[in-house]
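Bear in mind that the values here come from a model prediction, so they are computed numbers and not experimental data. Every heavy atom of this structure was used, including side-chain atoms; hydrogens, water molecules and symmetry mates were not.
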Amino acid sequence: QVQLVESGGGLVQVGGSLRLSCAASGRTFSGYAMGWFRQAPGKEREFVAAINWSSGSIYYADSVKARFTISRDNVKNTVYLQMNNLKREDTAVYYCAARYGGITTRITTWNDYWGQGTQVTVSS
């Protein structure tokens, strides 16, 4: 069965760092873009970052630019999200997703595979 499994979430203080991982399995993901999304309490799910197959195209939401870094290891079929200088507003469940083709910020176009999410809580 094809699945994406996120890990690395947890509780961290403001200004701290976390590294999220998303391990893909069950098939080859050649040609697939990978993305990170998050959903905070009481808010809609929002785009965070995305990276294409070759890592030649990367895009970040303005809210995380210069603080978060997305990367991928295609040999391991894993995508990462390095989160630095975390703020309370970053508290959310973080999801990874995969879609065949290029990157996009439109969540409705990420219609291939989704993980179950990992909780990130940033406290003072």
Rounded distance [0.5 Å steps], [atom1] in [X] versus [atom2] in [Y]:
{"X": "Arg38", "Y": "Phe47", "atom1": "CZ", "atom2": "CZ", "result": "11.0 Å"}
{"X": "Arg88", "Y": "Ser123", "atom1": "CZ", "atom2": "OG", "result": "7.0 Å"}
{"X": "Gln1", "Y": "Ser25", "atom1": "CD", "atom2": "OG", "result": "9.0 Å"}
{"X": "Met83", "Y": "Ile70", "atom1": "CE", "atom2": "CD1", "result": "12.0 Å"}
{"X": "Gln39", "Y": "Thr91", "atom1": "CD", "atom2": "OG1", "result": "14.0 Å"}
{"X": "Met34", "Y": "Leu81", "atom1": "CE", "atom2": "CG", "result": "11.5 Å"}

Of the non-hydrogen atoms in [X] and [Y], which two are nearest, and what is the gap between them?
{"X": "Ile58", "Y": "Ile51", "answer": "CG1-CG1, 3.8 Å"}
{"X": "Cys22", "Y": "Leu4", "answer": "SG-CB, 3.8 Å"}
{"X": "Trp110", "Y": "Ala97", "answer": "CZ3-O, 3.5 Å"}
{"X": "Val75", "Y": "Asp73", "answer": "N-OD1, 3.0 Å"}
{"X": "Leu86", "Y": "Arg67", "answer": "CA-NH1, 3.9 Å"}
{"X": "Thr118", "Y": "Leu20", "answer": "CG2-CD2, 4.1 Å"}

Q) Can you list every ring pair (Phe, Tyr, Trp, His ring centres under 6.0 Å) pair that touches residues 55-98, not counting sequence neighbours? A)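 The answer is none; no pair qualifies.
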Treating [X] as the side-chain partner and [Y] as the backbone partner, does any N or O pair qualify as donor plus acceptor under 3.5 Å?
{"X": "Ser54", "Y": "Gly56", "answer": "yes"}
{"X": "Asn74", "Y": "Asn77", "answer": "no"}
{"X": "Arg99", "Y": "Tyr113", "answer": "no"}
{"X": "Gln3", "Y": "Gly115", "answer": "no"}
{"X": "Thr108", "Y": "Arg106", "answer": "no"}
{"X": "Asn52", "Y": "Ser57", "answer": "yes"}

(Q) As a quick check of understanding, evaluate ring-ring contact (aromatic ring centres under 6.0 Å, His included) for Trp53 and Phe29, giving each step before the final call. (A) CA-CA 8 Å; Trp53 169 252; Phe29 282 83; 8.6 Å; no
Within one Ile-Leu-Val-Met-Phe-Trp-Tyr cluster: [X] and [Y], side-chain cutoff 4.5 Å:
{"X": "Ile103", "Y": "Ile107", "answer": "yes"}
{"X": "Val48", "Y": "Val79", "answer": "yes"}
{"X": "Trp36", "Y": "Tyr100", "answer": "yes"}
{"X": "Val14", "Y": "Val120", "answer": "yes"}

Q: Indicate whether the side chain of Ser17 and that of Asn84 have a donor and an acceptor atom separated by less than 3.5 Å.
A: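 Present: a donor and an acceptor within the cut-off.
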Q) How about Arg72 and Tyr32: does a side-chain donor come under 3.5 Å of a side-chain acceptor? A)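 Their side chains do not contain a donor-acceptor pair, so the 3.5 Å distance test is not met.
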Q) Got a sec: does the CD of Glu89 have more than 12 other heavy atoms crowding it under 6.0 Å? A)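 Count over threshold, so yes.
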